[in-house]
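Quick note: numbers below take in every heavy atom, side chains included, and nothing from hydrogens, waters or symmetry partners. Sequence lines set the chain letters: A, B, ... in the order given, protein chains first and strands last, and positions in each chain run from 1.
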Number of protein chains: 2
Amino acid sequence: MAVLLVEDEAGIVSFVQRGLESAGHQVLTASDGVDGLMLAQSSDVDLVILDLGLPGLPGEEVLRRLRRRRPSVPVIVLTAKDAVSDRVANLDAGADDYAVKPFSLNELLARVRARLRTSGQERGDALAAGGVTLDFGGHVAHVDGTAVTLSAREFALLAVFIRHPGQVFSRPQLLDLVWGYDFEGASNVVEVYVSQLRRKLGADRIQTVRGVGYRLNGGQG
Amino acid sequence: MAVLLVEDEAGIVSFVQRGLESAGHQVLTASDGVDGLMLAQSSDVDLVILDLGLPGLPGEEVLRRLRRRRPSVPVIVLTAKDAVSDRVANLDAGADDYAVKPFSLNELLARVRARLRTSGQERGDALAAGGVTLDFGGHVAHVDGTAVTLSAREFALLAVFIRHPGQVFSRPQLLDLVWGYDFEGASNVVEVYVSQLRRKLGADRIQTVRGVGYRLNGGQG
DNA sequence: GGGCGCCTGAAAACATCCTGAAGATCGAAT
DNA sequence: ATTCGATCTTCAGGATGTTTTCAGGCGCCC
């Protein structure tokens, strides 16, 4: 399994690289975002570890572009000590996992293992959970084999769910993650879109947890 | 591991911060409750140390809100010397541990270690006790392997118990922790919900301590 | 046996969620 | 510029599930 490490501090690079290699992974490294994005294109990168405190391109931008090209590659984000704000909660959406510096090697390796385990199979920029497959290339979903076209919002919403199957997301969380800002006061957009998704995907794929939020059914699909 | 310290006295802040950092923790600080709550939202805070004598929001309120958002994060409460009354009993409920001022650094660090050890492992925010597992991410409980769906209130109540297995909670305490205010006069909501939980989890998981309150069976699950 | 606390089924009160449809917005093509 | 179509958001009524209250019965402890 090949891991791409995008990190500018030499100390951390060698620290992490050694750990990854002794765990049997092949390691590519890049010291800035542009470089990292280039390397990430090559489709034999199975996982990306991305420092958010990079010089040049801001980490969020790197993450966004990476997602555009390789939507399903797992990304573990490293956040610097002072960059910790509530943004991290947001990033969590685009990223699959994160580690806060200083982190232990064990901790990081555990996360790498966990991520490689779940992605593993699915090459080809698609994610699947609970019988639903999301094809990021074509903005298309497949439900039990048959194709379903989704609008941009529908797709974004489903993407959040499918990246964290089984996890419950509250309405404010989803507004934050999919719509990007707080809506004035009360809005029921989320409900409406969940309703639409249900019509397209089948009623029981997305469960509502009353008083809490919504959740995508099933873990393996 | 990242620790959030919510404390207004500058002296204590620097004292504690230094200790935590030299123990290898990342430290975030906030000088009032509102600020603290904001920082605590970010999901990379692994433990919260909370002074109860804060200006602005009363400490109990901070604790309650924190619990609503991050139900499984361990909280260590600091109480002023003269505030030690039977309040501590209440606090002890929502908090996982407490230290009374003046406290020694060693004492506090020991408690931090103890708390991080028990939570630490389980990312994915899940706690277990007495054969019952509470998955905070998925809002599901598992009893001896089989999944059990809980309503919001049921979940909140069980969360209190599972965070302090073996500890007895009185009815007023539970009303405070789960419902948030004193109910006018007498209400038996707690009894009703305990009854419902028993039906779902099995009758002997929650024991009645006559004249005192309720307690969750077992320590390790 | 009497008093008190506890349990639990069911109804009432309440909150949340669903969904069809209308209005608003955006983008592309003419 | 204007028109058209698609998508996005708001609105409102009805459907569904949850929370609370109530009341009768059970069992413990003195």
Residue pair B:Thr208 / B:Arg198, side-chain donor-acceptor N/O under 3.5 Å:
yes

Is there a donor and acceptor pair, one atom on the side chain of A:Asn188 and one on the base of C:dT19, closer than 3.5 Å?
yes

Has A:Ser151 got a side-chain N or O lying under 4.0 Å from the OP1 or OP2 atom of D:dC8?
yes

Phosphate oxygens OP1/OP2 of C:dC7: is one of them under 4.0 Å from a side-chain N or O of B:Thr208?
yes

Is A:Ser195 near enough to C:dT19 that one of its side-chain N or O atoms lies under 4.0 angstrom from OP1 or OP2?
yes

For atom CD of A:Glu191 and atom P of D:dG13, their distance in whole Å:
16 Å

Pair up each side-chain donor or acceptor in residues 28-38 of chain B with any protein partner under 3.5 Å, not counting sequence neighbours, and list the distances.
| residue | atom | partner | partner atom | Å |
| --- | --- | --- | --- | --- |
| B:Asp32 | OD1 | B:Val34 | N | 3.2 |
| B:Asp32 | OD1 | B:Asp35 | N | 2.8 |

Proximity of A:Phe161 and A:Tyr214 rings by center, below 6.0 Å
no

Quickly work out the B:Glu154 CD to D:dT19 C1' distance and round it to whole Å.
10 Å

Rounded to whole Å, how long is the line connecting atom CH2 of A:Trp179 with atom C1' of C:dT25?
16 Å

If the cut-off is 4.0 Å, is A:Arg199 near the phosphate of C:dC18, judged by side-chain N/O to OP1 or OP2?
no

Please report, rounded to the nearest Å, how far the P atom of C:dC17 is from the CD atom of A:Gln207.
14 Å

Would you please confirm or rule out a distance under 4.0 Å between OP1 or OP2 of C:dG5 and any side-chain N or O of B:Tyr214?
no

Checking A:Leu5, A:Val6, A:Asp8 against A:Asp51 for side-chain contact (heavy atoms from CB on, under 4.5 Å), the one that qualifies is A:Asp8

Tell me the interatomic distance from B:Lys200, atom NZ, to C:dT8, atom C1', rounded to whole angstroms.
15 Å

How do B:Val209 and A:Val192 order along DNA chain C: which one's closest nucleotide is nearer the 5' end?
B:Val209

Rounded to whole Å, how long is the line connecting atom CZ of B:Arg153 with atom P of C:dC14?
15 Å

Tell me: OH of A:Tyr193 to C1' of D:dA6, nearest whole Å?
10 Å

D:dT9 OP1/OP2 closer than 4.0 Å to side-chain N/O of A:Ser187
no

Would you say the base of C:dT16 and the side-chain of A:Arg210 have a donor-acceptor pair closer than 3.5 Å?
yes

How close or far is atom P of D:dT18 from atom NE2 of B:His139, stated in whole angstroms?
12 Å

Exactly one of B:Ile206, B:Val160, B:Val168 clears side-chain contact (heavy atoms from CB on, under 4.5 Å) with B:Leu216, and that residue is B:Ile206

